[in-house]
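Inspection log for the structure reproduced underneath, given as C-alpha cells.
Just so it is clear, the values below take in all heavy atoms, side chains as well, and ignore hydrogens, waters and symmetry mates. By convention in this document, chain letters (A, B, ...) are assigned in the order of the sequence lines, proteins followed by strands, and residues within each chain are numbered from 1.
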Amino acid sequence: MSQPAIQLGPNFIRNIVDEDLASGKHKSVVTRFPPEPNGYLHIGHAKSICINFGLASHYQGRCHLRFDDTNPVKEEQEYIDAIKTDLRWLGFDWGEHEYHASDYFATLYGYAEKLVEKGLAYVCDLSPAEMREYRGTLTEPGKNSPYRSRNIEENLDLLRRMRAGEFADGSRVLRARIDMASPNLNLRDPILYRILRATHPRTGDAWCIYPMYDFAHGQSDSLEKITHSLCTLEFQDHRPLYDWLCEALEIYHPQQIEFARLNLTYTIMSKRRLLELVNEKHVSGWDDPRMPTLSGMRRRGFPAVAIRTFCERIGVGKSDSVIDMGTLEDCVREELNSVVPRAMGVLRPLKVTITNYPEGQAEEFTVPCHPKDPSMGTRTIPFSREIYVDRDDFMEDPPKKFFRLGPGREVRLRYGYIIRCDEVIKDPASGEVTELRCSYDQETGGGALPEGRKKVKGIIHWVSAAHAVPVEVHLYDRLFSVANPAGEKERDYRELLNGDSLEVLSQALVEPGLADAAPGSSFQFERLGYFTVDSKDSQPGELVFNRSVTLRDTWAKLTVK
RNA sequence: AGGGGCGUCGCCAAGCGGUAAGGCACUGGAUUUUGAUUCCAGCAUUCACAGGUUCGAUCCCUGUCGCCCCUGCCA
C-alpha cells in the first residue's frame, strides 16, 4: 500500500515541526494515531489520522498506529479490527508499526515502581468519594491524602500486592506525588494505576491493575520515540502532567501539541453518544449510512478520497469550530462527479404512454457513460411505448420557470425523443395522477433537432417500463434537525434527532444495465444525485441503492424561496 | 487561589511589523441533451473591542468583552 497524497496546507503544527527540524532538535518526524478501541472510527478521527499520517509523510517520517487500550471494560476486539479496516480503507499504511499500550504493561509497571522508589508516587487508600473531597474544587486547593506520607518501602510493598491481586477492585490506587494545591487539577496527585479485574481483549486476565491514560499515553509515546504527540484541545491541561512524568521517569520526552477537534453541522462526534444511538436502535448500527462513522460513510458511498480532500480543506487550528456539512458534501460530489458512470433511475415512477409509438416496438439508444470522459465508454438504453418518469417532473399547474412536464408541455427525454403531454389520467376516486399520455416527435430521436424546431428547455430522465429493473432506494437526510446538536445544552440530543433522516422508496426503477451492479459501486442517477449499491442489504436481484449525496439543485433552491 | 485555551468574510482558514491568500457557501453571467459539470465575474478599506509602542500593527504591549475546556479509580 502506498501513502496517499495528503496535502495539508501550512498550519501551526508544521511551523513547530519546521523549527524543530531547523534547530536540530529533531532529525526526523515520528507521529502516531492512538485510538482507544472502544468504538468505531468517525470523521473526527479521520481529521486526526490525516494530520498524523499527513505530517509524517510531508516530512518523510513515519506514523504509528497505537491502540490506547488501557481500559478493558470498554474495549473490544471487534473495535480493534474495525479500526484497522477503516484505516486501510481511508488509504493509510502503518507498515510494521502497529503497537498497543497493553504491549507496554510490564514496562509501565516498572515505571511505577521506579516512581515509588524515587518517592514520587504513593499508594492511596482513599475511597472515590473521599478522593473527590480531598481534591478540592476549581477555585479551592485540595488537601493532602493521609496516605501521602507513607514511606517508600510500604508503598513498594503495597504496589506489589496490588499487582498480585491481594486487594479488592477500587480499594487502593497508585498516585503521583505532585501538588494538591496546584491550580491545575491534573496535577493534584493524579491517579496512575487502579485495581480493576476485567478481562482485557489482548492481555486477558494477566493484570488486575491497569494504568490510567496519563500514565500510559506519554510513556507509550516515549517508548516509540514519537517526536510530536498530537492530540485534541481538551488535553491541554494534561500537558504539564505529561511533561512532569517524562521528567520524573527520566525518559525520552516527546512534545505534545494540541489542535481543535472536528465538529460537523447536523451530527455529533461523541463516541459515547454514537454508541447510544446504536444500542438504543436509533440507527441500524455503527455503519448506518447516516452515521458520521467511516464505516457509515463508506456504506453511504462517500469515497475515501473525498474524506481525505475534506481533511485537507478544513485545515488545522486551535479555535473551536463547526464545519458546514456542505463542505464535506462538496468533496464527495467533486470526486464522484469525475469518476462515476451515469445512469438513469426513477425514484417515484409515473407512467407515461407514448400514444403514437407503435405497440410492441422497442429501440435502443447508445449513450455515453460520462458526459465529459469518453474513456468511460458507452452503454445502451432501451426505449419503448411505455416509460416511467419521476413524479417530480410533472406538475398539473406548473409555476413560472418550471420547465418540465405539464399539460400541453414539451420536454426532451434525456438521450431520447421530445415528447408532448397530451392528456393527464387521474384516479377518479382520489384524483391522483396515474398516467400521462404523450406523443413523441420521431424526428428528435437521440437528441436530434430538426431544422427550425425550437429547442426545448426541459430535459428529464426516464426508464423503459418493460425493461426497467425494480430496486429499493434509501434517501438520507441529516441525522439531526439542528445545526449544532452538541451545543444544545437544554435538551437531550436524542430529542434533536431528525425523524425523517431515512426515506425508503420501494418502487424505484433503474435502467437494465444496472441489474448486476456490484455492492459498493456508485452511479450518478442523472439529475438526481449519486447512488451507491448498499453492501449489506442488497441481494442478488434485489438491489438497494443508498443516495450518497444529491446533485446541486438550483431549481430546488428557487422553489424554497 | 482558580487554571488552561481561543476570537481574521455566513462556515473553515493563510498571515508572524510594510498596508487582508485560498476553499466552502452565496450572487451575477457564458457554455451545456443532467436546472449537473465546466468557465468567467463579484463577495473583509478591514482582522472581538479600547488604549499604548512604532514612520507604519491583524501581527508587539496593556486592559476589557465573548466563547470553549478542566473538580472520572474514562480516553
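For the salt bridge (Lys or Arg N to Asp or Glu O under 4.0 Å) test, residues two or more places apart in sequence or in another chain that qualify with A/R261 are A/E234. Residues satisfying the side-chain contact (heavy atoms from CB on, under 4.5 Å) criterion with A/D553, sequence neighbours excluded, are A/W555, A/A556. For A/E133, the side-chain contact (heavy atoms from CB on, under 4.5 Å) partners two or more places apart in sequence, or in a different chain, are A/K143. Here A/A101 pairs with A/D68, A/D69, A/T70, A/S220 under the side-chain contact (heavy atoms from CB on, under 4.5 Å) rule; sequence neighbours left out. Applying the side-chain contact (heavy atoms from CB on, under 4.5 Å) test to A/D125 and every residue at least two apart in sequence or in another chain returns A/V123, A/Y147, A/R150, A/R172. Every salt bridge (Lys or Arg N to Asp or Glu O under 4.0 Å) that A/R527 has, sequence neighbours left out, goes to A/D393. By the side chain to side chain donor-acceptor pair (under 3.5 Å) test, A/D221 is found to be paired with A/R66, A/S229, A/Y242, residues two or more places apart in sequence or in another chain being considered.
Base engagement by A/A181 is indicated by at least one non-hydrogen atom pair under 4.0 Å involving a base atom. Counting non-hydrogen atoms under 4.0 angstrom, A/E329 reaches nothing in the nucleic acid.
The side chain of A/D320 approaches B/C68 more closely than any other nucleotide in the set B/C70, B/C68, B/U34. Of the candidates B/C26, B/A1, B/C6, the closest approach to any side-chain atom of A/S319 belongs to B/C6. Considering only the side chain of A/I323, B/C12 comes nearest among B/A1, B/C12, B/C69.
In this model, the phosphate group of B/C12 is not approached by any side-chain N or O of A/R313 to a distance below 4.0 Å at OP1 or OP2.
Of the residues in residues 454-463 of chain A, A/K455, A/I459 come within less than 4.0 Å of RNA chain B through at least one heavy atom, sorted by number.
Contact annotation: side chain of A/R342 to base of B/U34, donor-acceptor pair present below 3.5 Å. A donor and an acceptor atom sit less than 3.5 Å apart, one in the side chain of A/D237 and one in the base of B/G3. Taking only distance into account, the side chain of A/E140 never meets the base of B/U71 through a donor-acceptor pair shorter than 3.5 Å.
Listed for the A/S171 side chain is no donor-acceptor partner under 3.5 Å among the backbone atoms of A/F167. Although no hydrogens or angles enter the test, the distance criterion places a donor-acceptor pair under 3.5 Å between the side chain of A/T444 and the main chain of A/I418.
With rounding to whole Å, A/I314 atom CD1 is found 15 Å from B/A25 atom P. Going from atom CG of A/L264 over to atom P of B/C11 covers 15 Å, rounded to whole Å. Going from atom CD of A/E258 over to atom C1' of B/C68 covers 14 Å, rounded to whole Å.
Position along RNA chain B of the nearest nucleotide to A/T327 versus A/K401 favours A/T327 as the more 5'-ward residue.
Within 6.0 Å of the CD atom in A/Q442, the count of heavy atoms belonging to other residues, nucleotides or ligands does not exceed 12.
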Protein and nucleotides 14-21 of chain B: nitrogen or oxygen contacts under 3.5 angstrom:
from	atom 1	to	atom 2	distance (Å)
B/A14	OP1	A/V316	O	3.3
B/C16	N4	A/N15	ND2	2.8

Between the protein and nucleotides 73-75 of chain B, list every N/O to N/O distance that falls short of 3.5 Å.
from	atom 1	to	atom 2	distance (Å)
B/C73	OP2	A/R135	NH1	3.2
B/C73	N3	A/G170	O	3.1
B/C73	N4	A/L126	O	3.0
B/C73	N4	A/G170	O	2.9
B/C74	OP2	A/R194	NE	3.2
B/C74	OP2	A/R194	NH2	2.9
B/C74	O3'	A/R194	NH2	3.3
B/C74	O2'	A/N71	ND2	2.9
B/A75	OP1	A/T70	OG1	2.7
B/A75	OP1	A/R194	NH1	3.3
B/A75	OP1	A/R194	NH2	3.1
B/A75	OP2	A/Y213	N	2.9
B/A75	O3'	A/D68	OD2	3.4
B/A75	N6	A/H238	NE2	3.1

Between the protein and nucleotides 38-41 of chain B, list the N/O to N/O atom pairs that are separated by less than 3.5 angstrom.
from	atom 1	to	atom 2	distance (Å)
B/U38	O4'	A/K372	NZ	3.2

RNA chain B in dot-bracket, Watson-Crick or G-U pairs under 3.5 Å, [ ] crossing, | other strand?
-> .(((((((.[[[..)..(...]]].(((((.......))))).....[[[[[..)....]]]]])))))).....

